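None of these values were measured; they are calculated from a predicted model.
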Amino acid sequence: MRPSPSSDGPRRFATLWCRAVYPATATSMTRPEFEALLLDLTGRLSDALHAPRFDPDPARAVGEALVAAHCTAPEALPSVLGVIDAYLLLHCGDPDRLSPEEGRTRCARLQHAVSAGFAKALQERTRAEQEAVSRAALTAQAEIAKALHESETRFRAVFKDAPLGIGIADMDGEILDINDALAGMFGGFEQHVGGRNVLSWTHPEDSPEVWRMQRELMRGEREHYQVEKPYHRKDGTVLWTNLTVSLLRDAEGRPRYMLAMVEDVSERRLLNLRLRYQATHDALTDLPNRSLFFERLEQTLAPGSGPARIGLCYLDLDGFKAVNDSLGHAVGDQLLIAVAERLQSCVSGPGQMLARIGGDEFVALVVDPPTAEAVIEVARHALEALATPVDVGGRELMVRASIGIVEGATRHLTSAEVLRSADITMYRAKGEGGNRYAVADPDSDARAISRHHLTHHLPAALKGAEFFIEYQPLVKMEDGSLEGAEALVRWSHPRHGVLGPDRFIPLAEHTGLIVPLGRWVLQEAVRQACQWQVRGIGGTRALKVNVNLSPRQLSHPELVEDTVAVLEEAGLPPSSLCLEVTETAMISADENELRPLRELAELGVGIALDDFGTGYSNLANLRRLPATTLKLDRSFTQGLQRDPADPVDLKIVEGIVSLAHTLQLSVTVEGVETSAQAEQLRELGCDSAQGWYYAKPGPPERLPEAV
């Protein structure tokens, strides 16, 4: 006797049923949805199986439900019946209510009922589908005739009333029909359009691609094309259109007609041209702007563009900022307009273009100049045109300009390189006094680019410890002993190698980096002097170190505070430090700028007047300066290298030494290169000297060996 089924027997039966039947079901339901349906049908079968009065009819509804769920594949019904036969009694039968023999009998009759319901439902669905197909065929025949009539009517209505111009032509290009919109585009003259051949509608601005594509379409090699095309109107105006031409084929696929859709874009094109003009022209002067200039320049420099050479004049007004600052931007704008008008008269020849590319910057492009002189002539004419004062609001303003000229072959040039060269050359002209032109020179360009690179790299070099110091001994002439050394900063550049101060100190001055660089040099030199003193170099006399002070450092408000802090931090007495200031910087300093030097001198720091003799100091200057030492420029002692020595140089040096000693200043001589020169200077009373005769600048560890 079978055990009673568990409470979830129907669910397990539905799961087995779904696993067997779902793969053969063409239903849109998901597997969980289909299993839920089978669980409901399982309940119906279970109820019918255990009914006190057995009736198999509910099983017919189960078969119909399976057909309704699209479980209609040939293998579906055997699978359904096989699952019912094998598992219905096992999972859904109750032995307490139903004997095994009665259960098997009822299960068999339920299978027959499911089969009958399934077959009937499938037959009815097939009959309904066949009837629907027959009705659809009859309806389709009637609708085809109706649709053909409606389609033709609709096409004629669309063709006639369409806002787009429409034209139909045969495969030879003869126009067969046009609509009112197309006729209206040509001024309402239908006879001007109808009866013509499309191949006759040429226009000078047609792209060659238009007619190539048209002939391909007429040969049936292309299905359609779309272009922007102009047409001549009978009244002489031009109609700009967005043209789309399509190929129409017959039922066998043979080309029969060409259909043209024409949209009038004349106003849109005019608006685009106006917007492009505004985008490519300067609003103030109406000249081409930077964008249009670069577009033209790049076209000119493009490979295979035609011209072998170009000329460029880059013009910048001298002192224009002062006009804006003093008279206002309104006057400045009026001046720029007047300048543009004058320059246009100089740049109006064939292949020439004038553009405003910046505030007061103009550029003239000369395409394929006959000679380099022709480009220079443009610059000369520009300067001549600006030579006459400009009347702006009752004021006569003088206009000066600097012009950089580039002329050469276009091969291997880029627009950025050409403009950079012209810009560099223009600044060279400005640096030479302005109101002139200069011609580009590769060497000058290279130097300018090198200066720019060094300036840009200075901050990183300072952070990256690329600077180092060499020391040149200072020798006491009385006995030839070592008195100290001058600290000379060098730059170990990763690309250019070791650079002397003449290459980067002016750049550091210009950028303001001379202040942190100078403080670093001071710290390193003071630290090194302390090491020399600790090691006893120099004997009983403490060696001093000379450090150069730039004009910008001289005016720095924290000069005294920084210097004292560096000395105290290192533990070096102020008397062991000497700050060298060029004569030119010191004599041009006012009392406020000299005050820090006086304070340092009072603390015991030595102050040397460097390059003495180059600044044309007089006695009054020397008396007011807080200097303790004169460093005599080498130009005064070169004559002492000869044998016999130049008597004039002897007298000059003798007078300077006498004057310095009278003012209680010591004298140091630079550039001593021979023993005879050293002896002469010692006899003239010079106190100390430095130069290659004693030692070249070198690392600090070589200082003891230098003398």
Side-chain angles (χ1 to χ4, degrees), residues 462 465 467-476 481-490 501 505 508-509 512-582 585-586 589 591-610 625-631 664-666 668 687-688 690 697 699-701 703-704:
L462 191 56
F467 293 100
F468 67 97
I469 298 176
E470 291 186 330
Y471 297 88
Q472 186 169 34
L474 287 165
V475 176
K476 194 170 183 61
S481 62
L482 185 63
E483 184 179 61
E486 180 181 0
L488 300 170
V489 64
R490 305 286 190 257
I505 291 298
E509 279 274 342
L513 286 172
I514 190 65
V515 174
L517 176 60
R519 195 177 196 282
W520 177 82
V521 172
L522 180 65
Q523 288 175 321
E524 289 296 306
V526 167
R527 181 186 59 79
Q528 186 59 56
C530 284
Q531 290 185 6
W532 287 330
Q533 291 186 8
V534 169
R535 292 166 55 193
I537 297 174
T540 57
R541 184 190 300 120
L543 293 183
K544 66 179 180 178
V545 65
N546 287 25
V547 177
N548 290 282
L549 200 65
S550 76
R552 193 152 185 167
Q553 289 175 277
L554 185 63
S555 60
H556 193 263
E558 299 176 359
L559 173 62
V560 176
E561 181 182 346
D562 283 351
T563 304
V564 171
V566 169
L567 290 171
E568 289 179 349
E569 182 180 353
L572 186 74
S575 58
S576 295
L577 173 65
C578 179
L579 297 178
E580 297 188 8
V581 184
T582 63
M586 198 178 291
E591 281 304 314
N592 288 332
E593 293 171 322
L594 290 176
R595 187 177 297 114
L597 293 181
R598 296 189 194 283
E599 293 179 16
L600 290 170
E602 290 172 2
L603 292 173
V605 175
I607 306 296
L609 192 61
D610 196 14
L625 299 178
T628 57
T629 302
L630 288 185
K631 290 196 73 174
Q664 297 184 339
L665 301 174
S666 64
T668 299
D687 300 286
S688 57
Q690 65 186 97
E701 58 270 14
L703 188 69

Which atom names give the shortest non-hydrogen contact between [X] and [Y], and what distance separates them?
X: A508; Y: L517; answer: CB-CD2, 4.4 Å
X: P574; Y: L567; answer: CA-CD1, 4.0 Å
X: L597; Y: P626; answer: CB-CG, 3.7 Å
X: L559; Y: P596; answer: CD2-CB, 4.1 Å
X: P516; Y: G512; answer: CD-O, 3.6 Å
X: I469; Y: A487; answer: CG2-CB, 3.8 Å

Check the pair N546 / D610 against side-chain contact (heavy atoms from CB on, under 4.5 Å), numbers first and verdict last.
CA-CA 11 Å; N546 287 25; D610 196 14; over 6 Å; no
Can you name the residues that form a side-chain hydrogen bond (donor to acceptor under 3.5 Å, both in side chains) with [X], not counting sequence neighbours?
X: Q690; answer: Q472, E486, K631
X: T668; answer: S688
X: T582; answer: none
X: T629; answer: S666

Set of salt bridge (charged side-chain N to carboxylate O under 4.0 Å, His left out) partners for [X], sequence neighbours left out:
X: D687; result: none
X: R490; result: E470
X: R527; result: E524

So, using side chain to side chain contact (heavy atoms under 4.5 Å, CB included) as the criterion, who are the partners of [X] when residues are at least two apart?
X: V566; result: R519, L522, Q523, V526
X: E561; result: E558
X: P557; result: none

To the nearest 0.5 Å, how far apart are [atom1] in [X] and [atom2] in [Y]?
X: T563; Y: L549; atom1: OG1; atom2: CG; value: 7.0 Å
X: N548; Y: I505; atom1: CG; atom2: CD1; value: 8.5 Å
X: Y471; Y: E701; atom1: OH; atom2: CD; value: 10.0 Å
X: Q528; Y: I537; atom1: CD; atom2: CD1; value: 8.0 Å

Close side-chain approach of P699 to F468, heavy-atom, < 4.5 Å
no
Name the atoms and distances for all side-chain donor-acceptor pairs under 3.5 Å in residues 598-609, with sequence neighbours left out.
unit_1	atom_1	unit_2	atom_2	d
R598	NH1	R624	O	3.2
R598	NH2	E591	OE1	3.4
R598	NH2	R624	O	2.7

side-chain hydrogen bond (donor to acceptor under 3.5 Å, both in side chains) partners of residues 566-576, not counting sequence neighbours, each pair once
Q533-S576
Relative to each other, are the rings of W520 and F467 parallel, tilted or perpendicular (30° and 60° limits)?
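Judged by the thresholds at 30° and 60°, the geometry between W520 and F467 is tilted.
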